[in-house]
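Heads up: the structure comes next, in structure tokens.
A note on names: the letters A, B, ... follow the listed sequences, proteins ahead of strands, and every chain is numbered from 1. Here the structure is a predicted model, which is why all the values come from computation and not from measurement.
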There are 2 protein chains.
Amino acid sequence: MDKVYIARAEPQGAAREIADALALAIHEHRLAPGTKLGEDDLAEIYGVSRTVVRAALQRLAHDRLVDLKRNRGAFVAQPSVREAREVFEARALVEPRTAHSAADRATPADIAALQQHIDAEHAATSEGNAGRALYLSGLFHLEIARIADQSTIEAFLSQLVARSSLIIVLYWQRRNALCESHAHHALLDAFAEADGDRAEVLMKHHLVDLLTSLDLRNAPQPAGSLKEALGR
Amino acid sequence: MDKVYIARAEPQGAAREIADALALAIHEHRLAPGTKLGEDDLAEIYGVSRTVVRAALQRLAHDRLVDLKRNRGAFVAQPSVREAREVFEARALVEPRTAHSAADRATPADIAALQQHIDAEHAATSEGNAGRALYLSGLFHLEIARIADQSTIEAFLSQLVARSSLIIVLYWQRRNALCESHAHHALLDAFAEADGDRAEVLMKHHLVDLLTSLDLRNAPQPAGSLKEALGR
DNA sequence: GCACGAGATACTGTATACAATCTTGTCGAC
DNA sequence: GTCGACAAGATTGTATACAGTATCTCGTGC
């Protein structure tokens, strides 16, 4: 259920697989912001040549998940306060309307899929796997875009959700994630009743709630390589 | 004034230059949808190796300006009717609000820059260079996002505007582009008066107008390879 | 003891070479 | 005459090799 896009059989198959694996690691906070992603290391880990690793890194750089620095290498991105605000502002701009139209279109199968996502979130939280819970929480939002049948918006949101993961690891304050699943459950109810207006309002509040629970006053204190965090 | 991003001194400099050149050619309709972009050809044209050409093509593929087909090569994208609708729906979702916040923030220098864009559009239209006029028309929209100071949205819009170029070449019916510059002028007025509400409404109507002036009933009749258009 | 600089090292950027796959042209069978 | 199969050519996918640049280390001078 994880590799949703693996079946799309696109070109650069190997590069895409590696990019997805790295993106997942970033999502689940196994790779901290600022971590250096050496080409030789990745090539050895995945058993391919640097050529395909570079393609994967370029893809991630395009999604702003990694920063490419000329002659220095690739690093897991460390979104600035400004970027953090922009990402959530963009989400607040797009997602409420998307939720509205998704609620209008949702079929029983869609509702069931959303319920599964929420269950999986709960399971991950119970296991204490906060990183995975956060990743699944992002998938919930993407699923809504899929239900709205707007693949263009879905692709954009996919980037925003991924970057949100990085932002949360850098700026997150509130430690309990219960509010999260509660908000998602409320959204699901609105979907089940096909109440687009309520879904829109709920989504808007959910995102505002997320943004306000971040501490954007201070510069980030990344857990990544010390040299990167300081010298840059 | 064209290569706005050239100064950003990003990694993959050569690849970016080539990607920008190709994107510009697509914008200005010098490269028709469906055109094959052979790696060897491009490598010879730009005097680099296939390595960097591939990086450029991957970048364009990520922006959905070209389709990459495994073991077949890169082709200028041919957006489907569905994609066309989605792109303009996404623009209609994002741009009005962006225009609103841009109108609230616009400085006299911003207004002057927008005026310059409109003048350049007129000049290109007078010269009969419709492709360039369309490209400049897209830049006008991007400039608004820049004024709104939302670089995340601006990057997204940049993709949408680029894809709009392809869509227009495939589905455009109305031949006179006068309505275009008129709408842009009206927007500029709203900006000059810092009337955010009016700018939002104008932008919304402008995009609806654009969408309705497309003929999305028929399958595209691209100038590219016939096999691509039919068999796929 | 500290600052500065030259050399060494390690890494990325690019080009080239080889392998795999698809397209295309030709030949043969039905 | 048409359809199918096989072979030749062309093009992409991947790996490797080389070149350029930044960083680190160690030595020298102050």
Side-chain angles (χ1 to χ4, degrees), chain A residues 5-6 8-22 31 34-62 64-78 224-232, chain B residues 5-6 8-22 31 34-62 65-77 224-232:
Chain A
Y5 296 100
I6 201 176
R8 280 171 68 178
E10 297 203 356
Q12 319 295 340
R16 177 167 198 121
E17 267 187 52
I18 294 176
D20 284 349
L22 289 174
L31 283 174
T35 304
K36 163 139 193 181
L37 302 172
E39 297 183 356
D40 276 326
D41 301 338
L42 294 174
E44 189 173 359
I45 290 172
Y46 291 105
V48 294
S49 99
R50 278 179 49 215
T51 307
V52 49
V53 168
R54 283 180 72 82
L57 289 175
Q58 281 173 24
R59 174 186 287 270
L60 292 172
H62 199 285
R64 303 276 218 137
L65 256 61
V66 314
D67 278 346
L68 255 44
K69 306 184 181 175
R70 186 170 186 93
N71 289 321
R72 299 237 1 240
F75 302 83
V76 178
Q78 301 182 105
S225 147
L226 308 90
K227 195 188 311 170
E228 269 314 306
L230 309 174
R232 198 200 288 250
Chain B
Y5 296 106
I6 199 176
R8 280 172 66 179
E10 297 204 357
Q12 319 296 341
R16 178 167 198 121
E17 266 186 53
I18 294 176
D20 284 348
L22 289 174
L31 283 174
T35 305
K36 163 138 194 181
L37 302 172
E39 296 183 358
D40 274 325
D41 302 339
L42 293 175
E44 189 172 0
I45 290 171
Y46 291 104
V48 294
S49 98
R50 278 178 50 215
T51 308
V52 49
V53 169
R54 284 178 72 83
L57 289 176
Q58 281 174 24
R59 175 186 287 269
L60 292 172
H62 198 285
L65 255 60
V66 314
D67 278 347
L68 254 45
K69 306 184 181 178
R70 187 172 185 92
N71 289 321
R72 300 239 356 244
F75 302 82
V76 178
S225 141
L226 307 91
K227 193 190 311 172
E228 273 311 311
L230 308 175
R232 196 195 290 250

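Taking CG from B:Asp67 and CG from B:Leu60, the interatomic distance works out to 11.5 Å, rounded to the nearest 0.5 Å. One finds the CZ atom of A:Arg54 at 13.0 Å from the CZ atom of B:Arg54 (value rounded to the nearest 0.5 Å). Within the model, atoms CG of B:Leu22 and CG of B:Leu65 stand 9.5 Å from one another, a figure rounded to the nearest 0.5 Å. How far CZ of A:Arg50 is from CG of A:Leu57: 10.5 Å, rounded to the nearest 0.5 Å.
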Given A:Leu42 and A:Ile18, is the side chain to side chain contact (heavy atoms under 4.5 Å, CB included) satisfied, shown in steps? CA-CA 9 Å; A:Leu42 294 174; A:Ile18 294 176; 5.7 Å; no
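To the nearest angstrom, P of C:dC22 lies 15 Å from CG of B:Leu68. Atom-to-atom, CZ of B:Arg50 to P of D:dT14 comes out at 11 Å; the value is rounded to the nearest Å. If you measure from atom NZ of A:Lys69 to atom P of D:dT23, you get 10 Å, rounded to the nearest angstrom. We find that CG of B:Leu42 is positioned 14 Å from P of C:dA15, with the value rounded to whole Å. We find that CD1 of A:Ile18 is positioned 9 Å from P of D:dA15, with the value rounded to whole Å. Atom-to-atom, CD of B:Glu39 to C1' of D:dG13 comes out at 9 Å; the value is rounded to the nearest Å. Separating the CG atom of A:Asp40 from the P atom of C:dT9 is a distance of 17 Å, rounded to the nearest angstrom. In this structure, A:Asp41 places its CG atom 13 Å from C1' of C:dT12, rounding to the nearest Å.
The A:Arg70 side chain lies nearest to C:dT14 when the options are C:dT12, C:dA15, C:dT14. Ranking D:dT12, D:dA22, C:dT14 by closeness to the A:Arg72 side chain, first place goes to D:dA22. Residue B:Arg54 places its side chain closer to D:dT14 than to any other of D:dA15, D:dT14, C:dT12.
Taking the nucleotide of DNA chain D with the nearest heavy atom to each of A:Asn71 and A:Val48, the more 5' of the two is matched to A:Val48. Nucleotides of DNA chain D nearest to B:Thr51 and B:Lys36 differ in position, and the one nearer the 5' end is that of B:Lys36.
Note on B:Ser49: a side-chain N or O is less than 4.0 Å away from OP1 or OP2 of C:dA15.
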